[in-house]
Structures are given as structure tokens and as C-alpha cells.
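The block underneath contains the structure these notes are about, expressed in C-alpha cells.
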Amino acid sequence: MSLLISLVIPAFNEEKNVVAITKAIQDVFNDDRFKYEIIFIDDGSKDNTATVLKQLALEQSEVKYILFSRNFGKDNALSAGLKKASGKAIITLDADLQHPPSLIKSMLSLWLEGNDVVYAFREEKNKHTSSINNLSSSIFYKTINSLSDIELEDGTADFRLLDRKVVNVLNALPENDPFYRGLVKWVGFSQKSIPYTPAERFAGESKYNKKELTRLALKGITSFSTKPLNIAIYLGFIFSLLSLLYIPYAIVSYFNNWAISGWTSVIVTIAFFGGLQLMILGIIGLYLGKLFMQSKNRPHYIIKETNITND
Ligand code: UDP
Ligand code: MG
């Protein structure tokens, strides 16, 4: 009996990549210990990804597709794929071949040795992204690690193998806007990391610009920690103490009739505290926004069409 492995691949405007990655995966699964299915999630692509996927599915029975009604983001695409996958192990990877399919073999052997999660992390800093991006990525991992109670390795990718029992746990989480990179760490089980060097994007371009990356970083941090909410308390204490020192000075000045030429200090103080208060309000707003979205309980994605029949 060969084991069924599911490959879950989110694809957003990847018309030139889906055929190439299917081929690359085919080459990996050349032994009969394993059967495989490839589940592509078309995340509302504007190009011909959906048409190419449907054609591919006609030609190869291993290829399955889920078409979203619009773009819902990569994590939601992963979520849909994990729910529809029926393998004993599920591997998620990017459609652009930056996550080398050749690593799948080693992931599978580590899984057979008894690891429930095998995740890849960038060993070498990405040669194909700018140093600014690499720097901001390490700042992100440092921040999330110091703020939350999960420990993410710098460069943890969405390239990982999950055992069926881990996927069952993830599928049962009612999380709105899931952040899988963190969630997978959070669920526990026996985990093993494996280094990889990202390849160059096969075709097309990256979907993540600075704005998207900032959004993702904020989502990562606010999904796993409420520590930013405590900032207000600490800052409040510090500034109350400092102002205690300032009050005697103000009183002495008043009784001695020292000329008050306080315009600069007043303006600086107002500007500083104005900024500080807005920043803290913003942090509270972020969490409130999360609560608001979760309370509406809308689905995380809408499936327009799929050729997967199981549920
Ligand atoms: N992706 C997606 N929905 C999105 C953005 C990206 O499904 O809204 C997919 C994309 O098709 C690719 C993977 O997520 O398979 C990683 O995206 P990309 O290669 O653009 O990110 P990068 O490698 O530059 O971080
Ligand atoms: Mg990529």
C-alpha cells in the first residue's frame, strides 16, 4: 500500500509556473512507496492560472484545483487547501519554484522517521531579495520572538510537511485570518527543521511589496501576542515618574516669579505626547479591529469552483 501525500500550492497569478511545478513534483515522486495529489488554490488570479489549472487537471488525475471567487490572501488559500487535502502527510509550498521540490524527498524521510512537522527555513540569506528586505525580515523575526511565546526561526518559510494529525488540529482552529507560520509552531508536536536555499522565482513576480510585508508583520505580531497592549502601561508609569520630578521645579518657579519662557518646552511636550497617544491608540485599534473581524464570523474564503469531491 502506498501512502498518499498531498501537496498544497497557493497560486496567485502564476500561469507560467503551475505547469513547471507539476512537472518538478512528478519527477520527485518516482518511487511507488508514495502516491500524491497536487491541490492548487487559485487565489483569484487575474491571469490565466485558472484555465491552465483546469487543463492540467484534465490531463493528470493527480492535479486538483480550488478556485477562489477573488483574492483572499495566501494564508486563506493554504487554509482551503489543508481542509480539502486527504493525504497522510500534507506538504505546502509556493508555486514559483522558490521552494525547491527536490527537498520533498528529505522531508518525507524525516516524516517516516516519526517527525510530525518538518519545516524549511532559509539557510542562506535570500540572494534574490535586497539587503533591505533581508534586514526587515530579521527585524520581524526578532520582534515576534521577543513579543510572543512562540519561537520562530529567522527565515521560516511556508514550505513544510505536516502529518495528518497536525492538519486535523489546524483545520479545527476557528482562527480568523490565520498566520500559519506561527500557528504551526504553536500547535507543538514533534518538529524538525531543515535548511534550504531559496531558488530564483521561475516566472512572474513577487506579490509582496513593502506595504503587504508590513501588513503581514503586524498580523504576525498581533496574532500571537498582546504584549504591545502593555506598552501604554509601562510608558504611563515612566512618564508619571518623570513628571513627579518636574512638578517641584514648576512650583518653585511659580513662587519665585521666575520668568516663564516656556513656549519650546510646551510645544515639544505636546507634540511628543500627542504622537505617543496616537501610536498607542493605533495599537489598541489593531486589536479591536481583529476582534471586530472575528465577531462578524464571515468565511475566510469563498470557493467558486473545485474538482475535489471529498469533504
Ligand atoms: N500568493 C497567494 N495569494 C496572494 C499572494 C501570494 O496565493 O495574495 C502565493 C503566490 O502565488 C506564491 C506564494 O503565495 O505561490 C508566495 O508568493 P510570492 O512568491 O509572491 O512571495 P515571495 O516569495 O516573494 O515572498
Ligand atoms: Mg516567491
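Remember, it's 1-based here, ligands and their atoms both numbered in the order they're listed. It should be emphasised that the depicted structure is a prediction, and the values quoted were computed from it without experimental measurement.
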Checklist outcome for this item: Note: with side-chain heavy atoms under 4.5 Å as the link, the other cluster members for Ile270 come out as Val266
Item to check | Identified side-chain hydrogen bond (donor to acceptor under 3.5 Å, both in side chains) counterpart of Asp43 within the set Asn76, Thr49, Asn71 | outcome: Asn71
Checklist outcome for this item: Smallest heavy-atom separation, Ile41 atom then Gly81 atom, equals CD1-CA, 3.8 Å
Next on the checklist: Counting neighbours of CD on Glu205 that are heavy atoms of other residues, nucleotides or ligands and sit closer than 6.0 Å, is the number greater than 12?
Outcome noted: no
Checklist outcome for this item: Applying salt bridge (charged side-chain N to carboxylate O under 4.0 Å, His left out) to Lys46 and not counting sequence neighbours gives none
Checklist entry - When you measure from the side chain of Ser45 to the backbone N and O of Asn13, does any donor-acceptor pair fall under 3.5 Å? => result yes
Checklist entry - Excluding waters, which protein N, O or S atoms are within less than 2.8 Å of the Mg ion (ligand 2)? => result Asp96 OD2, Gln98 OE1
Item to check | Ring centres under 6.0 angstrom apart (His300, Phe72) | outcome: no
Checklist entry - Do the two ring centres, one from Tyr65 and one from Phe40, sit under 6.0 Å apart? => result no
Tabulation required: pairs of a nitrogen or oxygen in ligand 1 and a protein nitrogen or oxygen under 3.5 Å; columns are atom names and distance to 0.1 Å; otherwise 'none'.
| from | atom 1 | to | atom 2 | distance (Å) |
| --- | --- | --- | --- | --- |
| ligand 1 | 3 (N) | Asp43 | OD2 | 2.6 |
| ligand 1 | 8 (O) | Asp43 | OD2 | 3.4 |
| ligand 1 | 8 (O) | Asn71 | ND2 | 3.1 |
| ligand 1 | 11 (O) | Phe12 | N | 2.8 |
| ligand 1 | 11 (O) | Glu14 | OE2 | 2.5 |
| ligand 1 | 15 (O) | Pro10 | O | 2.8 |
| ligand 1 | 15 (O) | Ala95 | N | 2.9 |
| ligand 1 | 19 (O) | Asp96 | OD2 | 2.6 |
| ligand 1 | 19 (O) | Arg201 | NH2 | 2.9 |
| ligand 1 | 20 (O) | Arg201 | NH2 | 3.3 |
| ligand 1 | 20 (O) | Lys207 | N | 2.6 |
| ligand 1 | 23 (O) | Gln98 | OE1 | 2.7 |
| ligand 1 | 24 (O) | Ser206 | OG | 2.5 |

Next on the checklist: Taking the ring centre of each residue, are Phe272 and Phe239 less than 6.0 Å apart?
Outcome noted: yes
